[in-house]
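Taking it in order: structure first as structure tokens, then the write-up.
Chain A is the first sequence line, chain B the second, and so forth, proteins listed ahead of strands; every chain is numbered from 1. Remember, it's a predicted structure, so these values are computed and weren't measured experimentally.
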Number of protein chains: 2
Amino acid sequence: MSKNLFLQIEIMSLSLYFMKTELSQTEENYLKAIFSISLSLNKAVSTNAIAEKLKTKASSVTDMIKKLSEKNLVDYKKYQGVLLTEKGKKIAVKIIRKHRLWEVFLVKYLDFSWDEVHEVAEQLEHVKSTKLTQELDRYLEYPTHDPHGDPIPDENGKIAHHSDTMLSSIKEKQACIVMGVKDSSTSFLKYLDNANIKLGSVVNVIEKVAFDDSMRIEIQGAQLSISHQISKNLFVKKI
Amino acid sequence: MSKNLFLQIEIMSLSLYFMKTELSQTEENYLKAIFSISLSLNKAVSTNAIAEKLKTKASSVTDMIKKLSEKNLVDYKKYQGVLLTEKGKKIAVKIIRKHRLWEVFLVKYLDFSWDEVHEVAEQLEHVKSTKLTQELDRYLEYPTHDPHGDPIPDENGKIAHHSDTMLSSIKEKQACIVMGVKDSSTSFLKYLDNANIKLGSVVNVIEKVAFDDSMRIEIQGAQLSISHQISKNLFVKKI
DNA sequence: ACAAATTTTTAGATATGTCTAAAAATTTGT
DNA sequence: ACAAATTTTTAGACATATCTAAAAATTTGT
Ligand SMILES: [Mn+2]
Ligand SMILES: [Mn+2]
Ligand SMILES: [Mn+2]
Ligand SMILES: [Mn+2]
């Protein structure tokens, strides 16, 4: 009886030790979603927020959260939302790293434009191979930012701090450089292409209209008027 | 009643027209397996052969075959095995094309060796994006063969005919060039690396031993003896 | 404080893909 | 030709991931 118990414990430890750590694409997407919601939030992530982000139902989220909690990837208390554990955070950052490296690859070498890369990167980010990620990073010459200006975590998971000034907060007569986009929707990116606004563009704020928070800016000699909706989605750095 | 029937038929046609054509990775792997077994066979592919290739059970294969048959990707008659339809064949070839293009990419740009690429290509081949495949092809400068010497189907699904002479069938005193490997297992590829046998290597058959079908060959000035197991897995072209 | 609104969880279904065991059909050997 | 061996299919489970509807818990508003 006692011998049997020891045997059982030994088997449990062994299965823990050899536990398959490979996650499904779905599990990876949940971790990524929780991570990205956490970034703009200093409390536990709600079931509904995850459901909305992943375009699924709250009930499905509850199920998955339980599974991730079992695997020690999230801390979860019923009705209290979730937070990633260190283990969960590490995995989320790895996937984000892969996503952004692939986006750089697609733009740099395969003639994709910045509004075409996301969908494909969503698939590529789940390919499992440490060597692949490392070599891709080397091949791309260790890029620090993706085509949307988002920082690429390094091999150890360290992420450069993202510029957090929005164009909307820049004062009249002040100049700045476009560092990134907050919204990566095709429609926004195509609007920017059209307005000739790119990463690195120098923008001069000519005039701010208090009534609707729109602003008139000057970019490469040309002047144009942009709505608040646009200016609050552009990360910039003051010059 | 009759009006209702018409409505129903209309809905059916519509759902056929808009039917999601995206296949799961599993479905794609079945098509690829059936295709590759068909190549070395001029009759219908057996349930067991597929099961063995995919390391699954015959009963699972029967289930999947029914599903693929529903989708008109295979012709299937109970107990008679399956054959790909034109539609099924096209999809299989597309996946093989992607697999081999990715293998070229990994070797050419990411410092993978020919024994490391297969596992990763098995994942990459399922990424869905026509543009990705086209641009990758262009970027690689339209390669015709993968790192194992296998032909890469072109955009229209056309495949160059594979060299079908094996080194084992070459006569004494005859020289030939290594064109491909029949077996792509790590152990075989590593053996070849060790023996300094690569695609393009010029091989001179010095002597054939009738007893065990081994042969002594000369390659880059060095002589070595290789077993029948080796020589019958090397595609060559007589000089 | 407590009723109403909202969020979250549970219960029960469905769809995909897998498995084992048993039944059915086909092929093989004499 | 027909019994035995082999192959294939069916039946019934199970695991993952999803959904709807209803129940339970929490939060909000007065
Ligand atoms: Mn993206
Ligand atoms: Mn991005
Ligand atoms: Mn391969
Ligand atoms: Mn290959």
Requested in this report: Return yes if the base of C:dT20 and the side-chain atoms of B:Ser59 contain a donor-acceptor N/O pair under 3.5 Å, otherwise no.
Outcome: yes
Which whole-number value in Å describes the distance from [X] [atom1] to [N] [atom2]?
{"X": "A:Gln80", "N": "D:dT27", "atom1": "CD", "atom2": "P", "result": "6 Å"}
{"X": "A:Tyr76", "N": "D:dA25", "atom1": "OH", "atom2": "C1'", "result": "11 Å"}
{"X": "B:Lys78", "N": "C:dT26", "atom1": "NZ", "atom2": "P", "result": "10 Å"}
{"X": "A:Asp63", "N": "C:dG12", "atom1": "CG", "atom2": "P", "result": "14 Å"}
{"X": "B:Ile65", "N": "D:dT10", "atom1": "CD1", "atom2": "P", "result": "11 Å"}
{"X": "A:Tyr79", "N": "C:dT6", "atom1": "OH", "atom2": "P", "result": "17 Å"}
{"X": "B:Lys57", "N": "D:dG12", "atom1": "NZ", "atom2": "C1'", "result": "16 Å"}
{"X": "B:Lys66", "N": "C:dT18", "atom1": "NZ", "atom2": "C1'", "result": "15 Å"}

For [X] and [N], is the shortest distance between a side-chain N/O and OP1 or OP2 below 4.0 Å?
{"X": "B:Thr56", "N": "C:dT18", "result": "no"}
{"X": "A:Ser24", "N": "D:dT16", "result": "no"}
{"X": "A:Thr62", "N": "C:dT9", "result": "yes"}

**Report entry** Bracket notation of DNA chain C in which parentheses pair within the strand, [ ] cross earlier pairs, and | pairs with another strand (Watson-Crick or G-U, under 3.5 Å)
**Finding:** ||||||||||||||||||||||||||||||
Query - B:Ser185 and B:Asp183 side chains, donor-acceptor separation under 3.5 Å - result: yes
Requested in this report: Using only heavy-atom distances, determine whether the side chains of A:Asp150 and A:His162 contain a donor-acceptor pair under 3.5 Å.
Outcome: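 Note: A:Asp150 and A:His162 side chains meet the donor-acceptor criterion.
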Query raised in the report: Looking at DNA chain C, which of residues 26-53 of chain A put a heavy atom within less than 4.0 Å of it?
Result: A:Ser46, A:Thr47, A:Asn48
Query raised in the report: Could you state the interatomic distance from CG (A:Asn29) to CD (A:Glu125), rounded to the nearest 0.5 Å?
Result: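 The CG atom of A:Asn29 sits 6.0 Å away from the CD atom of A:Glu125.
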Query raised in the report: Donor-acceptor pair, A:Asn156 side chain versus A:Lys158 backbone, under 3.5 Å?
Result: no
Query raised in the report: Are the side chain of B:His148 and the backbone N or O of B:Trp114 linked by a donor-acceptor pair below 3.5 Å?
Result: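 Yes; at least one donor-acceptor contact below 3.5 Å.
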Requested in this report: Could you tell me whether A:Tyr109 and B:Tyr109 have their ring centroids closer than 6.0 angstrom?
Outcome: no
Query raised in the report: For the rings on A:Phe112 and A:Phe105, is their centre-to-centre separation under 6.0 Å?
Result: no
Query raised in the report: Where does the angle between the aromatic ring planes of A:Tyr191 and A:Phe188 fall among parallel (under 30°), tilted (30 to 60°) and perpendicular (over 60°)?
Result: parallel
**Report entry** Worked verdict on A:Ser113 versus A:Asp115 for side chain to side chain donor-acceptor pair (under 3.5 Å)
**Finding:** CA-CA 5 Å; A:Ser113 52; A:Asp115 59 295; 2.9 Å; yes
Query raised in the report: So what does B:Lys77 hit on the nucleic acid, given a heavy-atom distance under 4.0 Å: a base, only sugar-phosphate, or nothing?
Result: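 Nothing, no heavy atom under 4.0 Å.
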